[in-house]
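As the structure is a computational prediction, the values presented were derived from the model and not from experiment.
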There are 2 protein chains.
Amino acid sequence: MKIGVVTQKDVARKAGVSPATVSHVLGNRPGFAYARNTRFRVFDAARELRYVPNLVSASLRKQRTWTIGLILPALDNAIVIRKFDIIEREFRRAGYHVLMGLSRGEVATERTYLDGFYSRRVDGVVIFPMLRNGEIEHLRRLMEAQFPSVIVGEHEDSEGLDFSYVDVNREQGHEMAVQHLIEHGHHRIGFIFPRFEGGGRRRRGAERALRTQGLPLEERWIRHVEKGSFAEALPLARSLLGGAIEASPTAIVCSGGSPAAAVLRAAQETGLAIPKDLALVSFGDDDLAVHGPTLVTTVSHCEEAVGTKACEELIRLIEQPDAERRHISVEPKLILRNSCGCEERQNEK
Amino acid sequence: MKIGVVTQKDVARKAGVSPATVSHVLGNRPGFAYARNTRFRVFDAARELRYVPNLVSASLRKQRTWTIGLILPALDNAIVIRKFDIIEREFRRAGYHVLMGLSRGEVATERTYLDGFYSRRVDGVVIFPMLRNGEIEHLRRLMEAQFPSVIVGEHEDSEGLDFSYVDVNREQGHEMAVQHLIEHGHHRIGFIFPRFEGGGRRRRGAERALRTQGLPLEERWIRHVEKGSFAEALPLARSLLGGAIEASPTAIVCSGGSPAAAVLRAAQETGLAIPKDLALVSFGDDDLAVHGPTLVTTVSHCEEAVGTKACEELIRLIEQPDAERRHISVEPKLILRNSCGCEERQNEK
DNA sequence: TTGAAAGCGGTACCAC
DNA sequence: GTGGTACCGCTTTCAA
């Protein structure tokens, strides 16, 4: 028996009632008090015929698909994947399915997906931002249409688009990382930042923590990565550690697991023991170092909280499309492991 | 302006034609020869009103959604993610969108997703199999309904379900791995297999290669992992290498990057240099060791080919639902890196 | 307590 | 060349 051929009409015929009755009974619509007997006849008929409701027609009528669209630039790092995982889980719990699109960094592809999503009348979209060349017309259209949309992750404030945003607080995250290193007595702290970071948040956070000690953010100990790959970060890490001992940082804060792995390698090459000679804190928990002997202390992006908030926020907008758009900032969490010196400190006691 | 409020009727009014004409013109239906002028008026009106077609209603009418459903057990390893990536890309190219479901190893969740997919009238489904407790009723129903479905990845032949399957040839992959080690002069080869492998394919492949040298598959050099995690594999790797030198394997074939990383670590602990003292080939390219000093020689799962075939196969079934179901086996590829001795060999020359 | 009927927004057959 | 109209399958109003 082919799926999808049994309709409410068939059920109605079999149960000896009208199609409207079937809809009422199966839809369990409130305010309807059908006779017990009628209800059972409908349920039985539906079961026997293996009736599967057709959400396409229901969607057409109700103007609601119980489906959302999700656009990711790529599945190339564990943080994005973890957020995706949570988002998928949360939407399912809330009764939604998710339509996925990978934009692969192409604005055109992103646009195509958004068009496809509109056409399929998704109830809302979640977008993970990507680096843009100022091409945001399609996003502007989304916004102007007041289409329920949430942007998850790092974005440029300057885009000036009135969306709901959800992200970990990167400024606070860097403040926490530096703060922690300062507590371990470090004063010479180096950084590996992404080149394109939203509005200098990372720098500001680092600076704020340094300022409590009257320390400046030293440009000579800052490096920038484009993509954040291991290969790209390795020479930068080497250059941070390669100078005269007195002129080198004693601690490094870097963004992501690949740069962290690069620092570990560079330290090993230079003969620096971690955390004894060099402390390391990563912003973002890619769990890349999980197979190495050193587990890296990390400021977590709290993917679970971010994903959950994003889902809640989108559902809020779906339910009240005129509600105000919010900027939701999730507090990061410091996860102590073996690269910052906490263990040693305990041993000293 | 809200999205979705402009319909063909609005376009028709604006263009001064009938709704049927709009549908014909915009749908670019063959066999219709509308006047140039009419066509332009329709296009212009559609553009000015920002008309976005409603695929929900079109789907209802045409009984086709241009959407497929994809079920994965989890996004927990790079091989699955890469296949997913390719599948998404290929379906997009073919004009489909993909509805994603993570079953998280729960049969009930898988079933719920399949139901949601039916309800949304996806044109077909791609399922990545998971370990099952014999609960395959929902799959059997899928099959009996002749619903276009493709199963991607390792499965038990014994399930006896008439689906289309696409997978890398695991038997051949292991044959290739062992073959390669034999060519490097190894006769004592150890294995780390997954406990649940489809029908002993891996063993058969390994045996076939060993047999060419008159060698047996030695049970004492075989270990089994449940989940294939690093933590689980490490003690097993140690136990493989820990015996008397003469009784230990000189080469290991393992399934996946985490076990490979475990072998690397165990070798390091035992003081074995790779590939000089111990050769290693991994079946499956998790690129986990990419940050370590040793790049592991791997028999690739050829995710690209697998994903592409899966997509082609599903589209074939969508277009001809009665077509026969196929078992598609993709030939694996040996990727030479630094853990098998190929480099050394070159140096000798 | 139940059902007739008018949509939802397209598609496609058929008549003009 | 063009348009009327009967669907696709379900929801919902309103009347019986």
Side-chain angles (χ1 to χ4, degrees), chain A residues 2-43 45-46 49-67 116 118-123, chain B residues 2-43 45-46 49-67 116 118-123:
Chain A
K2 275 287 208 312
I3 283 173
V5 301
V6 179
T7 70
Q8 288 191 352
K9 207 191 286 185
D10 301 316
V11 176
R13 192 164 23 238
K14 173 133 189 164
V17 298
S18 79
T21 300
V22 173
S23 177
H24 286 139
V25 170
L26 294 184
N28 202 20
R29 251 169 280 298
F32 277 85
Y34 278 87
R36 229 195 178 59
N37 179 34
T38 307
R39 301 168 60 86
F40 284 146
R41 287 222 310 284
V42 170
F43 287 137
L49 295 177
R50 287 183 178 292
Y51 168 70
V52 179
N54 184 330
L55 257 183
V56 175
S57 60
S59 295
L60 176 61
R61 180 62 228 243
K62 302 215 284 189
Q63 305 286 35
R64 177 145 199 193
T65 55
W66 289 99
T67 301
Y118 299 161
S119 282
R120 286 168 174 80
R121 292 298 187 269
V122 295
D123 294 332
Chain B
K2 276 286 210 309
I3 284 174
V5 300
V6 178
T7 69
Q8 288 191 351
K9 210 191 283 185
D10 301 316
V11 176
R13 192 164 24 238
K14 173 132 188 163
V17 298
S18 78
T21 300
V22 174
S23 178
H24 288 143
V25 171
L26 294 183
N28 201 20
R29 252 170 278 301
F32 277 86
Y34 279 88
R36 227 193 181 62
N37 179 34
T38 307
R39 302 167 60 87
F40 284 145
R41 286 223 310 286
V42 170
F43 287 136
L49 294 176
R50 288 183 179 292
Y51 167 71
V52 179
N54 184 330
L55 257 183
V56 176
S57 62
S59 295
L60 175 59
R61 182 61 229 237
K62 300 215 288 191
Q63 305 286 36
R64 177 143 197 196
T65 56
W66 289 98
T67 301
Y118 300 159
S119 282
R120 286 169 176 78
R121 293 299 187 270
V122 295
D123 295 332

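- At least one side-chain nitrogen or oxygen of B/Thr21 sits closer than 4.0 Å to the OP1 or OP2 atom of D/dG3.
- A/Tyr34 places its OH atom 7 Å from the P atom of C/dG3, with the value rounded to the nearest Å.
- Checking the phosphate oxygens (OP1, OP2) of D/dT2, a side-chain nitrogen or oxygen of B/Thr38 falls inside 4.0 Å.
- Between the side chains of B/Thr67 and A/Arg120, a donor-acceptor pair is found at a separation under 3.5 Å.
- Across the protein-nucleic acid pair, B/Phe40 atom CZ and D/dG1 atom C1' stand 16 Å apart, rounded to whole Å.
- With rounding to whole Å, A/Arg13 atom CZ is found 20 Å from C/dT2 atom P.
- Heavy-atom distances to DNA chain D give each of B/Ala20 and A/Leu60 a nearest nucleotide, and the one nearer the 5′ end belongs to B/Ala20.
- Counting to the nearest Å, the C1' atom of C/dC13 and the NZ atom of B/Lys62 are 15 Å from each other.
- Between B/Ser23 and C/dT11 there is a side-chain N or O to OP1 or OP2 distance below 4.0 Å.
- At D/dG3, one or more side-chain N or O atoms of B/Ser18 fall inside 4.0 Å of OP1 or OP2 (strictly under the cut-off).
- In this structure the side chain of B/Leu26 reaches within 4.5 angstrom of the side chain of B/Val42, judged on heavy atoms.
- Of all the heavy atoms in B/His24 and B/Tyr34, the pair that sits closest is ND1-OH, 2.8 Å.
- Of the residues B/Asp10, B/Val22, B/Val6, the one that meets the side-chain contact (heavy atoms from CB on, under 4.5 Å) test with B/Tyr51 is B/Val6.
- As a whole-Å value, the separation of B/Leu26 CG from D/dT2 P is 14 Å.
- Distances shorter than 4.0 Å separate none of the side-chain N or O atoms of B/Gln63 from OP1 or OP2 on C/dT11.
- Among the protein residues, A/Val17 comes within range of the sugar-phosphate backbone only, with heavy atoms under 4.0 Å from sugar or phosphate atoms but none that close to a base.
- In terms of heavy-atom proximity, B/Ala45 sits nearest to B/Lys14 at CB-CG, 3.6 Å.
- When distances are taken from the side chain of B/Arg61 to each of C/dT11, C/dT2, D/dC10, the shortest belongs to C/dT11.
- Following rounding to the nearest Å, B/Arg121 (CZ) and C/dG10 (P) show an atom-to-atom distance of 20 Å.
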